[in-house]
Structures are given as C-alpha cells and as structure tokens.
Peer 1: 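Please see the structure below; I have some questions.
Small disclaimer: the values here were computed from a predicted structure and weren't measured. Positions are given from 1 along the sequence.
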Amino acid sequence: MSFTSFLWEIGNISNKSSRKRHRLRRGQAHITPEASFSCSPGSPGSSTVQIEQRQWANLPPELLLDIIQRVEQREQCWPGRRDVVACASVCRSWREITKDIVKTPELCGFLTFPISLKQPGPRDTPIQCFIRRERATSTFRLYMGLSPALSGELSKLLLAAKRVRRATGTDFVISLVGDDFSRSSNKYVGKLRSNFLGTKFNIFDSQPSRDSTVCSSCESCRKTDPGKVAPRVTTSNYNTANISYELNILRTRGPRRMQYIMNSILVSAIEEGGTAPTPTAFTNCLDEHSSPLLDSAGRRPQVGSTSRSMQNVPLVLKNKAPRWHEQLQCWCLNFKGRVTVASVKNFQLVAAVEPSENVTITEQENVILQFGKIGKDIFTMDYCYPLSAFQAFAICLSSFDTKPVCE
C-alpha cells in the first residue's frame with residue numbers, strides 16, 4: 001500500500017467515526033473524544049469499530065512515529081493541517097504520539113489543536129488572522145488567514161464572540177464555535193467585560209494560566225477534555241488582563257491611548273531567556289466564586305513576599321504612538337500593508353517597560369499585536385509572542401465597544 005493510500009484509509013476511518021457523532025462544519029477540526037468511537041455492547045457495528053481501532057492501535061511505534069511525522073511536516077497550513085488532527089483522532093496511541101510531535105505555536109508557528117489558541121504565538125513571525133464583524137447579530141469571528149479575499153471559504157474559524165449589553169456595561173462572550181455562546185457550554189473559553197463608559201475592560205479566562213499554581217489551591221479544580229465537560233456546568237472566570245483607555249472628552253489628545261496589564265504574563269517573559277505561561281490541556285475549576293489569580297482587592301497575589309519584586313511584575317503593553325503626517329493631515333502608523341482603511345480602531349501594541357527592567361531596545365520596539373481595518377466590517381489581527389490568540393482577540397474586541405469619552 002502506498003503512503004498516499006495509507007493516509008487516505010486513515011482519513012476514511014476518521015470520517016466514519018465523525019459522521020456517527022455529528023457533521024463538522026467546513027474549517028472546523030476538533031479532536032473527537034475517544035469514547036465516541038466505541039458503541040454500546042451489542043449495538044450494530046460495535047465489533048467492527050473495535051476491530052478497526054485495534055488494527056491501527058497495534059502498529060509498531062516506530063512506524064507510527066514516522067507516519068505522523070511525515071504528515072505533520074507536509075501539512076503546514078489549513079485546511080491541510082486537518083490531516084494532523086485526523087491522526088490524533090484515530091485512537092489513544094495515535095493521539096499521544098501526535099501530541100508529542102506537534103509543537104506549540106511559539107516553536108512551530110502553527111495552530112493545530114484548540115489548546116493552541118491559549119498558547120503564546122511565535123517569537124519571530126506573527127500569526128496573521130482577520131476578524132469579521134456581523135452587525136445584525138452582534139457577533140465577531142476570528143479566522144486564520146491573510147484576508148477573506150485571499151482565503152475565501154477555506155478560512156479556518158478560530159474563535160467567535162458575541163456582544164451582550166448589560167445595564168452596567170458590555171460583555172463579549174468568547175467561544176470555540178460560532179453558534180454557541182453559553183457559559184455552561186464546553187465551547188466557552190472566556191469573556192471580555194467593560195464598565196459603563198467603555199473605558200476599562202477585564203479579560204476573563206475560563207481556566208487559570210498557570211495550572212500547577214492555581215489548581216493546587218483550588219479543591220474543586222480538575223483536568224478535563226473540553227469535549228467531556230458536563231453540560232450545564234458553570235465554569236470559572238479568571239481575571240488575566242486589565243485594559244484602560246485614557247479619557248479624551250475634549251478630543252485634544254489625538255488618537256486613543258490604551259494600556260494593557262497582562263496579569264497572567266510576567267515582564268520576565270520578554271527578557272532574554274524568558275518564557276510565557278503555556279497550558280498543555282484545558283482545565284476547569286467548578287467553583288466560580290474562587291479566583292486564585294486575584295486577592296481580595298482584585299490584585300494578583302504575590303507568592304512568598306508581601307513586597308512587589310521584579311519576578312512578579314506583570315507585563316504592561318501600550319499602544320505605539322502614531323506620527324502626524326503633514327501632507328495627509330492625519331495620524332499614521334506603519335502597518336506594513338496589512339491595514340488599508342483609516343479608522344480610530346487601528347492600533348499597534350508594544351511593551352511598556354521601566355529602565356530598570358532587563359529588556360532590550362529591540363524587544364521594546366517589537367510590535368506584539370496590531371489590529372486595523374481593511375474593509376467594511378473586516379479587520380486584520382496579527383499577533384506574536386507572548387500573547388495567545390485568545391488574549392489578542394479579546395484585546396481587539398475592546399476596540400469595538402463604544403467609547404464616547406475616549407475619542
């Protein structure tokens with residue numbers, strides 16, 4: 001059997017099992033829980049499925065490793081990357097080897113599994129995405145790709161958000177799919193909440209950013225697969241970032257000015273040899289009232305010391321100051337061709353560090369996140385280390401909220 005025929009047969013087995021659960025939408029590729037492959041004893045087809053599983057699970061580990069490595073090296077982007085996810089859906093042994101082979105976005109620059117959306121982006125080349133706004137339904141969809149014109153129907157849906165207006169502010173509920181925004185759903189990943197004026201925002205994550213530290217102090221935490229979370233279970237929210245927009249009531253300060261305090265990322269992450277939190281699996285804490293990342297005053301607790309030490313300083317981001325163009329009579333930023341329409345929402349974020357912090361000039365000038373308009377209700381979003389796709393998307397959502405006193 002040729003290598004191409006072998007992969008084709010793998011895909012057929014994966015498609016058979018997937019169709020027994022539900023039809024996946026184009027562009028979606030979530031790992032199928034292993035329990036879905038097994039039928040109840042005595043049910044028609046249960047023995048056939050078990051035989052097929054045993055046939056692929058008993059492959060020699062060396063051969064299996066070589067096969068998955070070839071698939072992973074060949075498929076470098078979506079929708080071809082779906083084949084890598086299909087390999088992880090065959091059985092447990094295939095899944096474990098695939099997880100060992102597929103590297104994090106920081107190391108390989110690709111998004112493969114849903115957990116990749118919570119992991120830091122690459123250090124050198126940013127991951128390029130675009131956001132489509134749907135005014136009628138107040139939803140925002142994040143896609144992988146340069147733009148809708150170039151990606152077309154092959155665009156990979158990464159995250160979706162729905163704006164929910166409240167009496168005291170606005171919530172943006174973020175989900176893995178575009179049609180389920182319930183907090184009790186297993187697709188819920190977090191939310192963005194604003195105050196009444198739209199000047200301050202909090203980013204809430206459905207799971208703690210540092211699993212070992214947080215889960216050890218929370219008795220009701222447990223590690224689960226997102227596909228196995230029981231329905232109607234209210235998950236926790238952890239405040240991982242604070243966003244502030246400066247007031248500009250008289251409109252004399254120019255474009256918007258923002259500051260982002262990333263409580264879940266320390267400033268040491270952008271220092272030489274530094275690392276950012278990188279979750280490897282989805283976790284959920286069922287006690288929604290406990291948030292170990294915050295103390296009673298809403299601040300992140302300091303471990304082992306009551307004083308603020310350099311090791312516990314959170315990373316602070318600020319918008320890059322635009323320059324005034326005399327000929328065009330407007331404020332300008334160099335988006336390197338990724339933004340084509342002037343908008344008050346356009347921005348670039350860089351690190352705001354103190355002189356005492358060991359951060360190079362290159363790192364201080366490096367654009368960590370840029371967001372801008374390219375058409376009606378179409379915006380580009382490019383992010384890199386140490387932000388994750390979820391964090392970058394939540395930050396960009398804050399730009400969509402109405403801010404009458406900031407612009």
Side-chain angles (χ1 to χ4, degrees), residues 105 111 117-118 120-121 126-135 138-148 155-164 169-176 178 181 189-194 198-205 240-245 255-262 264-265 315-320 322 333 335-336 338-351 367-403 406-407:
L111 298 175
L117 301 173
K118 295 289 187 76
I127 293 180
Q128 297 178 322
C129 313
F130 67 90
I131 298 174
R132 184 188 297 274
R133 174 175 59 183
E134 298 179 4
R135 296 175 183 266
S138 297
T139 56
F140 306 83
R141 302 176 189 273
L142 176 66
Y143 293 92
M144 168 78 76
L146 297 175
S147 68
S155 301
K156 167 68 176 144
L157 177 65
L158 300 179
L159 293 168
K162 185 176 182 62
R163 177 163 50 193
V164 181
T170 304
D171 280 356
F172 291 84
V173 182
I174 304 175
S175 172
L176 289 172
F181 298 98
V189 294
K191 68 179 179 180
L192 174 74
R193 170 165 290 184
S194 75
T199 58
K200 295 185 182 298
F201 296 80
N202 293 322
I203 298 176
F204 293 94
D205 198 336
T240 58
N242 301 320
I243 305 173
S244 299
Y245 286 78
R256 291 177 178 176
R257 297 181 183 179
M258 306 92 81
Q259 186 182 66
Y260 305 82
I261 303 177
M262 309 303 297
S264 60
I265 305 175
L315 175 65
V316 178
L317 305 178
K318 65 178 181 179
N319 62 307
K320 190 174 182 179
L333 278 172
F335 289 96
K336 299 181 179 180
R338 288 284 288 156
V339 178
T340 57
V341 180
S343 173
V344 70
K345 296 178 175 62
N346 301 346
F347 67 82
Q348 291 180 329
L349 294 187
V350 295
V367 176
I368 297 176
L369 169 64
Q370 75 172 21
F371 171 79
K373 191 173 184 178
I374 60 173
K376 184 179 180 181
D377 297 325
I378 302 294
F379 303 80
T380 58
M381 185 195 87
D382 303 341
Y383 77 97
C384 61
Y385 178 91
L387 293 182
S388 65
F390 164 74
Q391 293 167 335
F393 185 45
I395 290 174
C396 293
L397 288 174
S398 69
S399 186
F400 286 106
D401 201 26
T402 305
K403 302 172 181 58
C406 298
E407 54 194 42

Peer 1: Below 30° counts as parallel, above 60° as perpendicular, anything between as tilted: where do the rings of F371 and F379 land?
Peer 2: parallel
Peer 1: CG/L349 to CG/L317 distance, rounded to the nearest 0.5 angstrom?
Peer 2: 5.5 Å
Peer 1: If you count the non-hydrogen atoms of other residues, nucleotides and ligands that lie under 6.0 Å from NZ in K318, is the total more than 12?
Peer 2: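 Atom NZ in K318 is not crowded, with 12 or fewer foreign heavy atoms closer than 6.0 Å.
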Peer 1: Report the relative orientation of the aromatic rings in F130 and Y143; use parallel for angles under 30°, tilted for 30 to 60°, perpendicular for over 60°.
Peer 2: parallel
Peer 1: Considering all heavy atoms of both residues, which atom of C396 and which atom of M381 are nearest to each other, and what is their separation?
Peer 2: SG-CG, 3.5 Å
Peer 1: Are F393 and F172 close enough that their ring centers fall under 6.0 Å?
Peer 2: no
Peer 1: Once rounded to the nearest 0.5 Å, what's the spacing between atom OH of Y260 and atom CD1 of I368?
Peer 2: 12.0 Å
Peer 1: How close do V367 and C384 get, heavy atom to heavy atom, and via which atoms?
Peer 2: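 So the two residues come closest at O-SG, 3.5 Å.
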Peer 1: Measuring from atom CZ of F201 to atom CD1 of I243, what distance do you get when rounded to the nearest 0.5 angstrom?
Peer 2: 7.0 Å
Peer 1: Closest heavy-atom contact between R338 and I374?
Peer 2: O-CG2, 3.2 Å
Peer 1: Is the side chain of N242 donor-acceptor paired with the backbone N or O of K200 at a distance under 3.5 Å, no angle test?
Peer 2: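 No, N242 side chain to K200 backbone: no donor-acceptor pair under 3.5 Å.
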Peer 1: Between Q391 and M262, which heavy-atom pair has the shortest distance, and what is it?
Peer 2: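 So the minimum-distance heavy-atom pair works out to CD-CE, 4.2 Å.
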Peer 1: Can you tell me how far CZ of F204 sits from CG of D171, rounded to the nearest 0.5 angstrom?
Peer 2: 8.5 Å
Peer 1: Closest approach of P386 and I265, non-hydrogen atoms and distance?
Peer 2: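 What the structure gives for the nearest pair is O-CD1, 3.5 Å.
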Peer 1: With a 4.5 Å heavy-atom cut-off, do E134 and R141 have their side chains touching?
Peer 2: yes
Peer 1: Who are the side chain to side chain donor-acceptor pair (under 3.5 Å) partners of T380, not counting sequence neighbours?
Peer 2: none
Peer 1: Compare every heavy atom of P120 with every heavy atom of Y385, then report the nearest pair and how far apart it is.
Peer 2: CD1-CB, 3.7 Å
Peer 1: Side chains of M144 and I127: closer than 4.5 Å at any heavy-atom pair?
Peer 2: yes
Peer 1: With rounding to the nearest 0.5 angstrom, report the CD1 to CG distance, I203 to L397.
Peer 2: 9.0 Å
Peer 1: Does the N319 side chain pair with the main chain of M258, one donor and one acceptor, at a distance under 3.5 Å?
Peer 2: yes
Peer 1: Do we see a donor-acceptor contact under 3.5 Å between the side chains of S244 and Q259?
Peer 2: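 Short answer, no.
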Peer 1: Can you see whether T240 engages D205 through a side-chain donor-acceptor pair at a distance of less than 3.5 angstrom?
Peer 2: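 The criterion, which ignores hydrogens and geometry beyond distance, is not satisfied for D205 and T240.
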Peer 1: Say whether, by atom type as modelled, one donor and one acceptor occur between the side chain of S398 and the main chain of I395 under 3.5 angstrom.
Peer 2: yes
Peer 1: Is there a side-chain contact between Y245 and S399 (heavy atoms, below 4.5 Å)?
Peer 2: yes
Peer 1: With side chains defined as the heavy atoms from C-beta onward, is the minimum distance between F335 and D382 less than 4.5 Å?
Peer 2: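 No, too far: nothing below the 4.5 Å cut-off.
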Peer 1: Nearest 0.5 Å, what's the CG-CG distance between N202 and L192?
Peer 2: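 Spacing of CG (N202) from CG (L192) equals 8.0 Å.
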